[in-house]
2 protein chains.
Amino acid sequence: MARIRAVDRRLFLLIEIAARRLSRDADQRLRAEAGVSASQAAVLFLLLRRGERRMGAIGDVLALGAPAVTGLVSRMEEAGLVTRRRDARDRRGALVALSEAGRRAAERADTVLRAFNAELDERLGDEAADTLYDALTRLASDASDPVG
Amino acid sequence: MARIRAVDRRLFLLIEIAARRLSRDADQRLRAEAGVSASQAAVLFLLLRRGERRMGAIGDVLALGAPAVTGLVSRMEEAGLVTRRRDARDRRGALVALSEAGRRAAERADTVLRAFNAELDERLGDEAADTLYDALTRLASDASDPVG
DNA sequence: CCCGATTCCTTCGGGTGTGAAAGAGTTTTC
DNA sequence: GAAAACTCTTTCACACCCGAAGGAATCGGG
């Protein structure tokens, strides 16, 4: 606690520190138990729930810039987790879809992250977890795009 | 909102998304108005408040691994923001201190981040900001090190 | 129809993070 | 006091993110 207070009252710095700790932990578990990174897991979940998506749509949901999505999807394609093909209707676009291996990895990752999230909820308590969730949702929705 | 809900109920993914948006925003402002990155600003604040620190201590406070601190401090040293010297009492250690330019940059960065944080507080409201702050502090304190 | 503007993705250069391993210095153990 | 164990930092290889710039496809006004 004392350590955290050191650079505190800078909500933004605190979020960075918390995110770093959690990401490192989650990433280790995901790699060990599902064979994917945390960033890759996020893409897998999106594709699992919503089906085939374009690069730009992935970036919109995950708040990633276009170059980040290109790199992430390329590595996942090499790993055999997703397939990438031209969008026939708009040949500028690239459609990303889960491979069968990707679907299996997504389900394993889902189990891991479900457990991880349950631990967080327990550490925080239901009420604080809900408040945190709402506050982050508001922060995550772009301030310059109130429609979200 | 709808976009966020898409990959949601994974508190950890939500924190990553929120942290990414805020970091990008804060980083741009800090670079424009103080000439430093967000990561560098965090180190500057620490040194400004607590004075000369060792590499390991910086990593502890900011939740960074040793290699990350080495790289960050090296770039800051090249930029003239900090000085690095051997610890005379324990020659394994390296002591990092603010340079005069670093002190000025730290103060400019402080102004920027104070304004940024005030905006966040305003967007969230006082009560939610306090709750968020407490919840993140608990998450940021290492679960495997309850003493914090 | 065609040229300019726009959109979508990729490439490029660079900052920031990780785990693993190595090097240097200190402490402990015998 | 020397060897072993430990601590602190650095180096290495790589993942991941950004802004800026470039190339391909579409769209829109003339």
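The chains referred to below are lettered A, B, ... by the order of the sequence lines, with proteins before strands, and numbering in each begins at 1. Just so we're clear, the structure is a prediction, and the values are computed from it rather than from any experiment.
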- Query: What nucleotide among C:dC8, D:dT26, D:dC18 has an atom nearest to a side-chain atom of A:R54?
  - Reply: C:dC8

- Taking atom types as modelled and ignoring hydrogens, do the side chains of B:S74 and B:R84 form a donor-acceptor contact shorter than 3.5 angstrom? yes

- Query: What nucleotide, of C:dT16, D:dG19, C:dT10, holds the atom closest to the side chain of B:S37?
  - Reply: C:dT16

- Query: Expressed in angstrom and rounded to an integer, what is the separation of A:E16 atom CD from C:dT18 atom P?
  - Reply: 12 Å

- Note on the structure: Side-chain contact check for A:P67: nearest option of D:dC17, C:dC12, C:dT18 is C:dC12

- Message: For A:E119, is there an ion pair with A:R123 - N to carboxylate O distance below 4.0 angstrom?
- Response: no

- B:Q28 CD to C:dG15 P: how many Å, rounded? 17 Å

- Answer with base, sugar-phosphate or nothing: what part of the nucleic acid does A:A63 contact at a heavy-atom distance below 4.0 Å? sugar-phosphate

- Message: Nearest to the side chain of B:R92, heavy atoms from C-beta on, is which of D:dT26, C:dA24, D:dT9?
- Response: C:dA24

- Message: From CE of B:M55 over to C1' of D:dT11, roughly how many Å is that when rounded to an integer?
- Response: 13 Å

- Minimum-distance nucleotide (side-chain atoms of B:A94 versus D:dC17, D:dT9, C:dT10): D:dT9

- Taken to the nearest whole Å, CD/B:E78 to P/C:dT16 is 11 Å

- Message: What's B:R86 touching, base or sugar-phosphate or nothing? Going by heavy atoms closer than 4.0 Å.
- Response: nothing

- Message: Judged by each residue's nearest nucleotide on DNA chain C, which is more toward the 5′ side, B:R75 or A:G93?
- Response: A:G93

- Task: Taking only the side-chain heavy atoms of A:R31 (C-beta and beyond), determine which of C:dT10, D:dT10, D:dA15 contains the nearest atom.
- Result: D:dA15

- Message: So, OP1 or OP2 of D:dC17: does either fall under 4.0 Å of a side-chain N or O from B:R20?
- Response: yes

- Which residue lies toward the 5' end of DNA chain D, A:A88 or A:G65, if each is placed at its nearest nucleotide? A:G65

- Task: Before accepting this row, confirm whether a basic side-chain N of the pair B:R114/B:D110 lies closer than 4.0 Å to the acidic partner's carboxylate O.
- Result: yes

